[in-house]
Amino acid sequence: MYQIRKGWPSNGAIDEVFQADTGETLAEGMIVAVKQHKATVAATNAGTASLAFVIGHEAQRNTWTGLLSQCVIECDADHYKDTDTYAAGDYVTVTNGKFAKGTSDNAVGRVLAYDAPMLRVLWYESK
């Protein structure tokens, strides 16, 4: 379960439509790396691709929609590394398509609140 709590939908939100790269299995609530309208599950946030938080799937055309804009995401343990512990203000990064505890050097967002099994994250704009 995940919910976008703030930042989308809005006229200023930036999203991206893409297809899964060959051999990739995508799902809503996953963090993916998008390059040339093809997405792979983001192992980390390193690399030249933009990161997107997957928010939808259009089955007929087999396309996915990912959010690139800053937003607040609330998610359960299916979407973050649940062996990590979190506190408000902690940096989060990406590990295998999920949020994980990070540092300022590899951050994709900050923890706003954590009360297992719910994690609330301020997702930074993708670069």
Just checking F99 against Y86, ring centres under 6.0 Å apart? no
Exam field: side chain Q3 to backbone R5, donor-acceptor pair closer than 3.5 Å: no
Decide whether I4 and M30 are clustered together by the hydrophobic rule: side chain heavy atoms of Ile, Leu, Val, Met, Phe, Trp, Tyr closer than 4.5 Å, transitively. no
Check step by step if side chain to side chain contact (heavy atoms under 4.5 Å, CB included) holds for V111 and V92. CA-CA 7 Å; V111 174; V92 289; 3.6 Å; yes
Write down the atom of V34, the atom of A39, and the distance for their closest heavy-atom approach. CG2-CB, 4.2 Å
I need the minimum non-hydrogen distance between Y91 and A107, along with the two atoms involved. CD2-CB, 3.5 Å
Which residues share a ring-ring contact (aromatic ring centres under 6.0 Å, His included) with H57, sequence neighbours left out: W64
Residues in salt bridge (Lys or Arg N to Asp or Glu O under 4.0 Å) contact with K98, at least two apart in sequence or another chain: none
Closest non-hydrogen contact found for A33 with A42 is N-CB, 4.0 Å
If I take atom CD from residue E74 and atom NZ from residue K6, how far apart are they, to the nearest 0.5 angstrom? 14.0 Å
Test side chain to side chain donor-acceptor pair (under 3.5 Å) applied to Y2 - qualifying residues, sequence neighbours left out: E28
Measure the shortest side-chain to side-chain distance between T93 and T103 over non-hydrogen atoms and say whether it is less than 4.5 angstrom. no
Assess the residue pair V32 and T40 against the criterion (side chain to side chain contact (heavy atoms under 4.5 Å, CB included)); give the C-alpha distance rounded to whole Å, side-chain angles, the decisive distance to 0.1 Å, and a yes or no. CA-CA 6 Å; V32 297; T40 57; over 6 Å; no
Can you spot which of F53, Y124, W123 makes a side-chain contact (heavy atoms from CB on, under 4.5 Å) with V108? W123
Tabulate below the donor-acceptor pairs under 3.5 Å that side-chain atoms of residues 15-25 make, not counting sequence neighbours, or state none.
unit_1 : atom_1 : unit_2 : atom_2 : d
E16    : OE2    : H37    : ND1    : 2.8
Q19    : OE1    : K38    : NZ     : 3.3
E24    : OE1    : V41    : N      : 2.9

Which residues satisfy the side-chain contact (heavy atoms from CB on, under 4.5 Å) test with A113, sequence neighbours excluded? R120
For D90, which residues count as a salt bridge (Lys or Arg N to Asp or Glu O under 4.0 Å) partner, sequence neighbours excluded? K101
Connected via hydrophobic side-chain network under 4.5 Å: L67 and I31: yes
Is the side chain of N45 donor-acceptor paired with the backbone N or O of V94 at a distance under 3.5 Å, no angle test? no
Give the intermediate values and the outcome of side chain to side chain contact (heavy atoms under 4.5 Å, CB included) for residues L112 and V121. CA-CA 5 Å; L112 296 176; V121 173; over 6 Å; no
Step by step, would you call E58 with T65 a side chain to side chain contact (heavy atoms under 4.5 Å, CB included)? CA-CA 8 Å; E58 206 290 321; T65 302; over 6 Å; no
Does atom CD of Q36 have more than 12 heavy-atom neighbours from other groups under 6.0 Å away? no
Mind checking the OG1-CG spacing from T63 to L26? Nearest 0.5 Å is all I need. 11.0 Å
If you define the side chain from C-beta out and look only at heavy atoms, does anything of N106 sit under 4.5 Å from T44? no
Measuring from L68:CG to I55:CD1, what's the distance to the nearest 0.5 Å? 9.0 Å
